[in-house]
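Here the structure is laid out as structure tokens; the discussion comes afterwards.
We number each residue from 1, following the sequence as shown. Below, each value reflects all heavy atoms present in this structure, side chains not excepted, and no hydrogens, waters or symmetry copies.
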Amino acid sequence: MNTTRTFLEYVAEDMLAKWGTDMSRIVVVFPNKRAALFMNEYLARMAGKPMWSPAYTTISELFGKHSDYAVGDSIKLVCDLHKSFVKCTGIDETLDHFYGWGQLLLTDFDDIDKNMADADKIFCNLKDIHELDDLSYLTEEQRDLLKRFFANFSHDQETELKKRFLSLWSHFGDIYHDYNKRLRSQGIGYEGAIYRDVATSKDIEFEYDTYIFVGFNLLQKVEQKLFANLKKAGKAHFYWDFDTYYMPHSNSAHSNEAGKYIAMYLEDFPNELDIQSADIYQNMRRPKNISFVMASTENIQARYASQWLGEDGRCQAGRETAVVICDEAILPPIIQSLPPEADKVNITSGFPLGMTPIASFVSLLFDTYTSGITGKGTSYRAQYASKLLTHAYTRYISEKANDVYATIKEQHLVYPNQAILTMNGEDQGLALLFKTIDPGNIQLLHHVATIIKLIGVNAKDTEDAFLQESVFRMYTIINRLEQLAANGDLNVDINTLRRLIKQLISSATIPFHGEPVVGIQIMGVLETRNLDFKHLLLLSCNEGNMPKGVNDSSFIPYAIRKAHGLTTIDNKVAIYSYYFHRLLQRAEDITIVYNNTTDNGHTGEMSRFMLQMLVDGQQQIKHYNLLADNSPIAHKPKSINKEGSIKEKLDSMKSLSPSAINRYIKCQLLFFYQHVANIKEPDCEDDVVDNRMFGNIFHKAAQLIYNDIISHNNGRIEKASIQKYLGTKGLLENVVDRAFNEELFKVKDTMRSPYYNGLHLINRKVLIEYLRQLLHGDQRIAPFDILALEDAVYTQIAFETADNNVRKIRIGGIIDRLDRVTDPHTGMPTIRVVDYKTGVQATRKIKEIEEIFSDANISQKHSDYYLQALLYSLIVDNSIKYNRQKGCVSPALLFIKQASKEDYNPVLEIDSKKIDNVREYKEEFEKCLKEVLQEIFNTTLPFTPTADKTRCEKCTYRRICRVNSVES
């Protein structure tokens with residue numbers, strides 16, 4: 001058993017001694033609900049016989065029970081505050097813009113009332129120094145503080161920021177009064193207003209004979225007033241939990257921070273327990289087993305919690321063991337890491353609703369019904385519809401979801417319509433999911449709530465209580481928002497609505513059900529109030545978590561808050577100081593873990609309270625560092641031998657593209673994964689224009705333009721024909737729209753307008769400008785002939801294999817454009833094999849053919865571009881179809897950004913010499929090409945990784961390489 005008795009045990013013992021076993025006319029008031037369960041168990045055990053238990057309530061329930069007003073919904077409260085703001089200021093501020101700082105203003109009003117301050121005095125005219133003449137109600141220190149602050153608002157120090165602040169400030173008093181009047185007319189109020197109303201009322205009849213207040217700490221003025229009223233009536237008794245170690249007269253480093261408030265309250269509300277009892281107090285001076293542990297990640301902390309629980313009988317100690325999480329985001333991995341011997345666990349921190357499948361499903365619904373809908377609600381973007389169809393919870397709506405998803409993928413649909421998505425309306429679940437929704441928040445929220453309800457109904461037979469709880473919690477949130485929207489309180493745009501939903505979901509939790517006073521306790525900091533444990537593990541005890549993200553965001557400046565007795569950042573820190581040290585004071589086995597990394601929002605600092613313990617030096621503290629069991633292994637991809645099925649694949653390979661050869665030169669493993677293992681690169685989202693898709697759309701648009709021109713001119717390109725496209729309004733735009741439809745949206749209907757989003761429109765504008773530059777450049781060299789557009793060209797390459805046999809491989813691909821122009825120097829016709837490039841031209845030049853086949857030249861010299869252009873040119877040069885007359889053929893890389901320059905010539909150079917006739921380089925090029933082919937198909941040589949590790953960073957297959965790796 002615990003050698004140190006808990007605070008509630010002392011209280012229970014004292015209550016039995018004073019009031020006996022009939023406590024039917026007594027109510028015990030706690031700061032929160034948790035302590036009541038433990039108190040009732042202690043009373044029953046100590047009484048040793050049947051007894052009339054007292055009633056239990058929380059301080060918020062006590063105030064609420066004696067008020068004629070109900071606490072208003074948090075969103076409605078801000079919406080009503082917006083109405084008062086507009087009325088009192090005359091500023092037509094939209095609710096969307098107001099909402100964020102409306103929450104801040106509401107917090108200020110709440111604080112004013114909870115501390116029973118005079119709103120009119122707080123919001124006095126800062127510009128009029130005479131408003132400060134009567135400050136008799138303040139102390140001398142407070143008067144000096146205010147005068148120093150108000151001096152900054154004299155007329156000779158006017159700035160635009162001060163003008164705006166003063167303009168708003170002058171209306172805050174009127175807003176405060178109008179707002180409270182508006183709420184009262186509806187029978188509601190915010191918490192502070194209700195508390196103040198109860199505390200100042202003289203007509204309240206308290207039903208119980210005795211009110212026992214247990215374990216309070218920092219009291220607000222309304223609480224002090226209520227306590228005083230009940231004390232005056234002879235109905236109140238008080239039990240304070242403190243240690244003289246923290247009182248103001250102590251030499252402890254914590255004394256002024258953690259104990260001064262309780263010391264102050266003791267004068268007005270004396271403690272029922274003997275404050276001099278040595279066995280109750282000075283607990284922090286008793287020897288304790290304290291460890292500070294440093295960890296690098298939250299997951300490591302969660303795994304350590306499992307190890308910690310399994311040691312020193314902590315699991316067996318049951319409810320005397322507590323794991324306290326200072327950052328509730330760590331709860332899910334803790335739950336997953338619990339050891340098998342922890343068979344009884346009570347989790348008081350609710351599971352975050354934002355981490356549940358229903359939260360991601362609702363997010364997908366809103367994405368689909370906003371960003372994902374097109375065509376007046378008759379079509380959806382496949383990227384959104386597909387995610388919705390494949391979500392785990394969609395199976396509770398329709399069993400046909402996977403079939404529809406397969407159809408979208410098989411037909412490469414970018415904008416599936418409702419007929420496809422709803423299986424022609426036959427599937428009622430899909431018909432509901434992809435129903436056309438009337439515009440407006442009410443309709444949207446009602447539709448989402450209907451879908452959530454359907455999931456709950458269809459999943460009712462499952463044994464997954466977690467699913468049922470999370471779906472129900474989500475339904476209540478969406479349904480409440482619908483009610484507010486229907487009542488006219490929530491008039492916001494969709495973006496603000498999404499932010500509100502996200503905010504509500506992030507703050508909501510799903511409670512765990514169980515026997516609260518049995519088993520290991522896993523809880524947040526606030527749930528520990530009034531409870532004591534022998535074994536204690538605090539996780540994520542970092543600055544920012546302990547104390548919890550305290551800030552002084554407020555419209556009321558610090559000096560005014562301080563002078564009028566409102567809550568300041570000092571008060572917030574003191575509250576957490578009390579929580580921390582009170583929790584530790586009776587514990588014997590204490591381990592505190594903090595995250596020492598500085599990424600992902602972590603400061604890497606231990607809590608200031610931990611530092612105070614180190615400085616105080618009253619306890620011996622051991623220090624540890626959590627390290628992962630496995631040591632980091634340097635990534636080094638393995639070579640892959642050409643044997644077995646790999647050899648069979650290479651032996652059966654009949655053709656290669658220039659791109660495949662370039663991939664081999666860049667990285668042999670890249671070639672293997674894509675062309676031997678046939679592991680395809682993942683597709684980008686259906687309607688995303690990445691670099692590849694941008695190039696495809698440009699190529700398609702250029703093809704459409706020149707196909708149109710040559711169809712009317714027998715392949716001849718004249719200046720006038722180009723001018724038609726440059727000068728006719730909307731003609732280029734129509735071509736680009738058609739290219740978008742065909743390449744991106746896979747739509748062949750040339751009359752249909754594409755469904756553009758913002759990024760599409762930006763890319764469309766750039767593409768139009770690129771086409772203009774291409775046409776300007778071509779107009780400069782016109783007239784010329786186009787021989788082919790987007791044609792396939794191939795040849796057979798014979799090479800000697802490693803076993804001295806001859807093998808043939810088919811090599812080729814699609815050329816962008818084949819044209820015949822007049823050489824400006826010789827006046828002779830030249831065939832150009834043109835490859836369009838929308839990127840940036842190479843910074844350095846190729847000096848010899850061998851450089852084309854070296855991976856060192858890909859980045860700065862675009863040697864991969866050269867390989868493809870030269871290969872296609874040699875194929876054309878030897879083609880009867882295109883070059884029957886054996887004229888000169890030149891490879892050309894036409895960089896669009898350079899095309900309109902007067903002296904631009906896209907023909908490639910070797911060693912600064914234009915390739916006027918590719919035939920001159922045939923022998924050397926084919927020799928190097930055959931050497932690469934011999935190497936690719938040589939089964940005695942493995943596929944080896946590139947030595948340039950920078951290429952791995954952006955490689956699609958880098959994760960596969962990491963799996964296929966060894967220690968360096």
Side-chain angles (χ1 to χ4, degrees), residues 1-2 4-16 19 21-65 208 210-217 237-241 272-273 314-325 328 331 335 338 342-351 465 469 509-537 579 582-583 585-587:
M1 288 293 295
N2 195 335
T4 302
R5 298 172 69 185
T6 68
F7 168 64
L8 293 183
E9 285 178 311
Y10 283 114
V11 173
E13 182 182 51
D14 196 65
M15 285 175 61
L16 287 168
W19 290 283
T21 56
D22 184 1
M23 300 187 188
S24 58
R25 299 294 302 159
I26 294 175
V27 61
V28 181
V29 185
F30 287 110
N32 63 346
K33 292 181 178 180
R34 198 83 197 153
L37 300 167
F38 286 83
M39 173 65 84
N40 212 39
E41 195 268 343
Y42 291 144
L43 284 173
R45 173 165 53 82
M46 290 182 175
K49 60 182 179 179
M51 65 171 289
W52 285 103
S53 297
Y56 297 100
T57 189
T58 65
I59 188 68
S60 59
E61 291 171 343
L62 181 62
F63 274 106
K65 185 175 183 179
Y208 289 95
T210 304
Y211 288 77
I212 300 177
F213 296 92
V214 178
F216 285 81
N217 39 78
H237 296 268
F238 307 95
Y239 290 94
W240 303 92
D241 186 13
E272 293 292 320
L273 294 173
R314 291 167 180 138
C315 276
Q316 292 72 21
R319 71 179 187 187
E320 291 186 338
T321 299
V323 177
V324 179
I325 51 180
E328 294 187 1
L331 177 61
I335 295 174
L338 288 173
D343 55 338
K344 293 182 179 180
V345 178
N346 182 54
I347 303 173
T348 62
S349 293
F351 192 93
E469 288 282 357
T509 57
I510 304 164
F512 289 94
H513 301 290
E515 178 55 52
V517 296
V518 175
I520 297 164
Q521 306 289 307
I522 299 178
M523 51 181 50
V525 175
L526 297 182
E527 285 81 27
T528 66
R529 288 176 291 182
N530 284 324
L531 303 181
D532 296 298
F533 306 96
K534 178 180 179 181
H535 305 284
L536 186 61
L537 173 66
Y579 293 157
R582 197 219 64 81
L583 180 60
Q585 70 179 9
R586 295 182 186 89

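- Shown here for L16 and A47, the closest heavy-atom pair between the two residues is CD1-N, 3.8 Å.
- Within the structure, no pair that satisfies the ring-ring contact (aromatic ring centres under 6.0 Å, His included) test touches residues 24-60, not counting sequence neighbours.
- Taking R319 as the reference, E41 meet the salt bridge (charged side-chain N to carboxylate O under 4.0 Å, His left out) condition, with sequence neighbours excluded.
- The salt bridge (charged side-chain N to carboxylate O under 4.0 Å, His left out) search around K344 returns none, not counting sequence neighbours.
- Scanning for ring-ring contact (aromatic ring centres under 6.0 Å, His included) contacts around Y239 gives an empty result, with sequence neighbours left out.
- T321 is linked by a side-chain contact (heavy atoms from CB on, under 4.5 Å) to W308, L309, R314, A317, I520, H535, counting only residues two or more places apart in sequence or in another chain.
- Residues passing the side-chain contact (heavy atoms from CB on, under 4.5 Å) test with A44: none are found, sequence neighbours excluded.
- Residues H237 and T210 approach most closely at CD2-CG2, 3.4 Å, considering heavy atoms.
- Residues N32 and T58 come closest through the heavy atom pair C-CG2, 3.6 Å.
- Nearest heavy-atom pair across I522 and L338 is CD1-CD2, 3.9 Å.
- A search for side-chain hydrogen bond (donor to acceptor under 3.5 Å, both in side chains) contacts involving D22 returns S24, not counting sequence neighbours.
- Here the CE-CD distance, from M39 to E9, works out to 10.0 Å after rounding to the nearest 0.5 Å.
- Taking T509 as the reference, nothing meets the side-chain contact (heavy atoms from CB on, under 4.5 Å) condition, with sequence neighbours excluded.
- Listed by chain and number, the residues in a side-chain hydrogen bond (donor to acceptor under 3.5 Å, both in side chains) with T57 are E61 (sequence neighbours excluded).
- Every residue meeting the side-chain contact (heavy atoms from CB on, under 4.5 Å) condition with L526, not counting sequence neighbours, appears here in chain and number order: R529, Y576, Y579.
- A search for side-chain hydrogen bond (donor to acceptor under 3.5 Å, both in side chains) contacts involving T21 returns nothing, not counting sequence neighbours.
- Distance alone, capped at 3.5 Å, is enough to place a donor-acceptor pair between the Q521 side chain and the G519 backbone.
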